[in-house]
Chemist: 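What follows is a structure written as structure tokens; I'll ask about it next.
Letters A, B, ... are given to chains in the order of the sequence lines, protein chains preceding strands, and every chain is numbered from 1.
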There are 2 protein chains.
Amino acid sequence: MNFNTEFVNKLRISGLRPTKQRIKICEILFNREKTFHFTINDLSKMISEKLNEKISLATIYNTIHAFKKKGYLKEISINSDKSYFDTNTSIHHHFYDEDTNQLIDCNEDDINEVKINNNLTGKKINSVEVLIKVASDNQNQN
Amino acid sequence: MNFNTEFVNKLRISGLRPTKQRIKICEILFNREKTFHFTINDLSKMISEKLNEKISLATIYNTIHAFKKKGYLKEISINSDKSYFDTNTSIHHHFYDEDTNQLIDCNEDDINEVKINNNLTGKKINSVEVLIKVASDNQNQN
DNA sequence: ATACTTATTATAATAATTCTAAACTATTGA
DNA sequence: TCAATAGTTTAGAATTATTATAATAAGTAT
Ligand SMILES: [Mn+2]
Ligand SMILES: [Mn+2]
Ligand SMILES: [Zn+2]
Ligand SMILES: [Zn+2]
């Protein structure tokens, strides 16, 4: 058998049925060395490039949200256009290049530890995320 | 005359024609003591409550984006659902209450200064924003 | 196998946002 | 003064992003 059994097992363990749609999406997202960022549209294109039979957009949304709920993906909101998803699920911060619309992980030591001195009472902190928006030096504010 | 002349002047100075739609939106957004956060939908509701004649949603978008471009508003992306706008245009960080979907400004001393040690070469930092997601203590992860 | 239950898919519907043609406003030059 | 014209703004129409739900498929029990 091929290495798909790995994904089949992971899906089963997570309580998700290992459908062919989900296995295909696993292969595209997780069968690689480095983590990466993508939009639903990016993923949709990757799927149609690598696959003859199509997966519906709604199924892609369903699958990505299921994976997010299980903790295999993080969602990152940068602007109102669309959501970015991240296969790096560790707590980390981001640079966002406003020229190229590229999202780039911060390294461990690119940024000081962010300390919250005073929290809202009765509330628990779920995440602390820093977003650094950058652009090329020549100013083009129109 | 009424205090509308203040907004008329500000609009003129900004190179924006003081239309009745824009003046109305100015009154709702800026004629108050404290800054606040709102969505386009929130604003749309406020307008239809306070006004007999309606302003088209597209015009609300146009106006808000024009004000943002002029620096009178900031846009904040929290989730993929919708954009939040902020009449507090200073650099500041946010708490986001995931139970109530409320966005709350951090105080000056709620959070340590965020220092960027290492930036992308050839790029200028436009903003550094921290988002702290909070929720009630009793865990309800479904 | 077959019936039954529950999860999943994907079409259809909705919500958020943007496009663009028509309406309006300001400027120019007789 | 007041067309003609150029530029701006509005808002209905179109598009894009996302979600709801009816149909389908997968798992479970008999
Ligand atoms: Mn925007
Ligand atoms: Mn979402
Ligand atoms: Zn990342
Ligand atoms: Zn704020």
Chemist: Pick the closest DNA chain C nucleotide for A/K20 and for B/P18 by heavy atoms, then say which residue is nearer the 5' end.
Modeler: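 Nearest nucleotide further toward 5': that of A/K20.
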
Chemist: Where the side chain of A/T59 is defined as all heavy atoms beyond and including C-beta, which of D/dT10, C/dT9, D/dT19 is the nearest nucleotide?
Modeler: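 Taking heavy atoms from C-beta onward, the closest nucleotide is C/dT9.
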
Chemist: Can you tell which of C/dA10, C/dT8, D/dA11 lies closest to the side chain of A/I55?
Modeler: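 Closest nucleotide to the A/I55 side chain: C/dA10.
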
Chemist: With side chains defined as the heavy atoms from C-beta onward, is the minimum distance between A/L29 and A/I64 less than 4.5 Å?
Modeler: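 A side-chain contact exists here, since the closest heavy-atom pair is under 4.5 Å.
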
Chemist: Tell me the interatomic distance from A/I23, atom CD1, to C/dT9, atom C1', rounded to whole angstroms.
Modeler: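 Spelled out: CD1 on A/I23 to C1' on C/dT9 is 15 Å.
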
Chemist: A/I40 has an atom CD1; how far is it from atom C1' of D/dT18, in whole Å?
Modeler: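 Spelled out: CD1 on A/I40 to C1' on D/dT18 is 9 Å.
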
Chemist: What is the separation between atom CZ on B/R17 and atom P on C/dC24, rounded to the nearest whole Å?
Modeler: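 It is 13 Å, rounded to the nearest whole Å.
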
Chemist: Taking the minimum atom-to-atom distance to the side chain of B/R22, which one of C/dT17, D/dT19, D/dT9 wins?
Modeler: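 For the B/R22 side chain, the nearest candidate turns out to be D/dT9.
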
Chemist: Can you tell me the distance, in whole Å, between the NZ atom of B/K24 and the P atom of D/dT10?
Modeler: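 Rounded to whole Å, this separation is 15 Å.
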
Chemist: C/dA10 P sits how many Å from A/N62 CG, rounded?
Modeler: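 The distance from CG of A/N62 to P of C/dA10 comes to 10 Å, rounded to the nearest Å.
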
Chemist: Starting at atom CZ of B/F85, determine the distance to atom C1' of C/dT17, rounded to an integer number of angstrom.
Modeler: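 Going from B/F85 (CZ) to C/dT17 (C1'), I get 10 Å.
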
Chemist: Hey, does B/T19 reach any base, or is it just sugar-phosphate, or nothing, if we go heavy atoms under 4.0 Å?
Modeler: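 Contact class for B/T19: sugar-phosphate only.
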
Chemist: To the nearest angstrom, how far is A/Q21 atom CD from C/dA10 atom C1'?
Modeler: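 From A/Q21 CD to C/dA10 C1': 9 Å.
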
Chemist: Would the distance check show the side chain of B/D99 and the main-chain N or O of B/S136 forming a donor-acceptor pair, the cut-off being under 3.5 Å?
Modeler: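 Such a contact is found between B/D99 side chain and B/S136 backbone.
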
Chemist: Could you go through residues 125-134 of chain B and list every donor-acceptor pair under 3.5 Å that involves a side-chain atom there, pairing it with any protein atom two or more places apart or in another chain?
Modeler:
from: B/N126; atom 1: OD1; to: B/K124; atom 2: NZ; distance (Å): 2.5
from: B/N126; atom 1: ND2; to: A/E98; atom 2: OE1; distance (Å): 2.9
from: B/E129; atom 1: OE2; to: B/K74; atom 2: NZ; distance (Å): 2.8

Chemist: Roughly, in whole Å, what's the span from CD1 in B/I60 to C1' in C/dT17?
Modeler: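 Those two atoms, CD1 and C1', are 13 Å apart.
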
Chemist: Got B/F30 and B/T87 here, is their nearest side-chain heavy-atom distance under 4.5 Å?
Modeler: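 B/F30 reaches B/T87 side chain to side chain.
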
Chemist: Which of the following nucleotides, D/dG27, D/dG12, C/dT11, is nearest to the side chain of A/S56?
Modeler: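 Taking heavy atoms from C-beta onward, the closest nucleotide is C/dT11.
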
Chemist: Is any side-chain N or O of B/Y61 closer than 4.0 Å to OP1 or OP2 of C/dT18?
Modeler: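 So the side chain of B/Y61 is outside the cut-off, no N or O lying under 4.0 Å from OP1 or OP2 of C/dT18.
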
Chemist: Under a 3.5 Å threshold, yes or no: a donor from one side chain and an acceptor from the other, between A/D42 and A/H37?
Modeler: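 Side chains of A/D42 and A/H37: no pair found under 3.5 Å.
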
